[in-house]
There are 2 protein chains.
Amino acid sequence: MKAGPDISRVAALVGDPARCNMLTALMTGRALTASELAQEAGITPQTASSHLAKLEAGGLIEPEKQGRHRYYRLTDPDVADVLEGLQGIAARAGHMRVRTGPKDPALRRARICYDHLAGDLGVQMLDSMKRQKLVRQTKQAIELTGEGKRFMAEELQIDANTLTHPRRPVCKACLDWSERRHHLAGTLGAAMMDRFTELKWAARDVTPGSRVVNFSRNGERRFTALFGASE
Amino acid sequence: MKAGPDISRVAALVGDPARCNMLTALMTGRALTASELAQEAGITPQTASSHLAKLEAGGLIEPEKQGRHRYYRLTDPDVADVLEGLQGIAARAGHMRVRTGPKDPALRRARICYDHLAGDLGVQMLDSMKRQKLVRQTKQAIELTGEGKRFMAEELQIDANTLTHPRRPVCKACLDWSERRHHLAGTLGAAMMDRFTELKWAARDVTPGSRVVNFSRNGERRFTALFGASE
DNA sequence: TTCATAGTTCGATGATAGCCGAAGCATTGG
DNA sequence: CCAATGCTTCGGCTATCATCGAACTATGAA
């Protein structure tokens, strides 16, 4: 007498190493073409095509035709959240990748989680925002306070009114796999990351498929000035 | 140049239908024996034994020997959270089980999520608790307020001091797959569900493996009196 | 001790599904 | 129109892995 949605199909999709590599590559938030994803997974385009069709049927990714390219992106930030959740379990069980490159510490410090900042600095930022009362928890979601709106406008030139989105909250807590605490997701989290990039405080690592975010010397100083660790 | 924990192994574990059935059976929060899990998954004990060994190695379940029985439980509420998250994605993609029994509406209304209340009533409860300022979001977690502690003691005879646990927060937001909003997890969520059961306001469905929670007529009245929908 | 139950290990089997080569569409550019 | 590129479909190969029968260990009961 089973009931409820059938997990195993979705999980099986993520369970294949090739598909999993594609999905983690898409966690950068960027849309990638079928061939790029094939290379990312280390398989031929034919095989990739089959995998992509399955992922699409499973509702994990969405295609967008553009000329003779097919760009794929994760359908939803929620998908990224679940992937992060799985990473948390895998990390605890000690199932790290065999090739744990030198980039790993950098990944723990600051990385892209779909479209917002994660890792040590991401968690630090949300903590600091709460301490400064820029956000608070009201009914069911985190909310930007009046003080927070002023702060965003003055310090980061982000107009809070532009952040509303029909299907996505402005603020959302996203569980960080490396820190096991929350960082800020939602349209605000995305907008802030965008601004950091525009201001050249931070830049995504150039290695294709890397989620690492590198802060410049000046950028880190400015970032810490706004969201410094607990005094 | 991959980095980070390897998701695919964990996901592959969940991806097998038999193992997935076992895991969802364990989402009741109860510990089940190897044979019970075998029956739940519809496979022979030998096969189940192999699956259980894999799930244990993957860190998803934990055994506990008791006489000649081996009881298995989910290692961690976090595992249950990820499973709920996967259900959310599966539900959106329309991957419901083929045999969507008559219990389905009941499951959406009230069910056990590991050890606390989920479904419509679970979401309603957390909403109401926030409205009544029994809990609030402080730094990174939901916190029980002074008012909340009084409420718990007076209305439900729950001593807030007994709720602290070395590895588990008192309050935690858990994403509900059917409502797509949060309900209350953590030791408080578990304690409240226990109390509801003790007071005979609600009881888990007798069907083995069912996550449905049935509220008595009186129980629902009392529950609504405390955590009624928004007035 | 003897029997029954719970669980595991081993070996063989069979089906699923990932993989690639080759060929086929579709779009762009010359 | 032809060539090149991006992607998909088809067919066959292969390896993985879930499955079960049979035999074995361990605990508890008579």
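Protein chains get the first letters and strands the later ones, always in sequence-line order, with residue 1 at the start of each.
With a 4.5 Å cut-off on side-chain heavy atoms, A:Leu32 and A:Leu26 count as touching. You'll find the side chain of B:Leu121 reaches within 4.5 Å of the side chain of B:Arg109, heavy atoms only.
Summarising the geometry, the separation between CG on A:Asn21 and P on C:dC19 is reported as 10 Å, rounded to the nearest angstrom. For B:Asp16 and D:dT19, the CG to C1' distance is 10 Å, given to the nearest whole Å. Protein atom CD of A:Glu64 is 16 Å distant from nucleotide atom P of C:dT27, rounded to whole Å. In this structure, A:Gln39 atom CD and D:dG6 atom C1' are separated by 14 Å, rounded to whole Å. Rounded to a whole Å, the CD atom of B:Glu36 is 16 Å from the P atom of C:dT5. Atoms CZ (B:Arg19) and C1' (D:dA18) sit 8 Å apart, rounded to a whole Å. Atom P of nucleotide D:dG6 and atom CG of A:Leu32 are separated by 15 Å, given to the nearest angstrom. Rounded to whole Å, the distance from OH on B:Tyr71 to P on C:dA6 is 11 Å.
Ring geometry for A:Trp201 versus A:Phe196: interplanar angle under 30°, hence parallel rather than tilted (30 to 60°).
Minimum atom distance to the side chain of A:Thr44 is reached by C:dC20, of the listed C:dC20, C:dT8, C:dG18. Side-chain proximity of A:Pro45 to C:dG18, D:dC20, D:dT8: nearest is D:dT8.
In this structure, A:Ala18 reaches the sugar-phosphate backbone alone: every heavy-atom distance under 4.0 Å involves primed, P, OP1 or OP2 atoms, never a base. B:Tyr72 comes within contact range of the sugar-phosphate backbone alone, with a heavy-atom separation under 4.0 Å but no base atom that close. A:Ser50 comes within contact range of no nucleotide atom at all, as no heavy-atom separation falls under 4.0 Å.
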TODO: For B:Asp78 and A:Arg92, run salt bridge (Lys or Arg N to Asp or Glu O under 4.0 Å): C-alpha distance rounded to whole Å, both residues' side-chain angles, the deciding distance at 0.1 Å, then the answer.
DONE: CA-CA 11 Å; B:Asp78 288 359; A:Arg92 217 173 330 157; 3.6 Å; yes

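Within the 4.0 Å cut-off from OP1 or OP2 of C:dC19, at least one side-chain nitrogen or oxygen of A:His51 is found. At the phosphate of C:dC20, OP1 or OP2 sits under 4.0 Å from a side-chain N or O atom of A:Thr47. Between D:dA26 and B:Arg70, no contact under 4.0 Å exists linking OP1 or OP2 to a side-chain N or O.
Take the nearest nucleotide of DNA chain D for B:Lys54 and for B:Gln46: the residue whose nucleotide is more 5' is B:Lys54.
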Compile the donor-acceptor pairs under 3.5 Å between side chains in residues 45-57 of chain B and protein atoms, sequence neighbours left out, one pair per line.
{"from": "B:Gln46", "atom 1": "OE1", "to": "B:Thr44", "atom 2": "OG1", "distance (Å)": "3.0"}
{"from": "B:Thr47", "atom 1": "OG1", "to": "B:Thr44", "atom 2": "OG1", "distance (Å)": "3.0"}
{"from": "B:His51", "atom 1": "ND1", "to": "B:Arg19", "atom 2": "NH1", "distance (Å)": "3.2"}

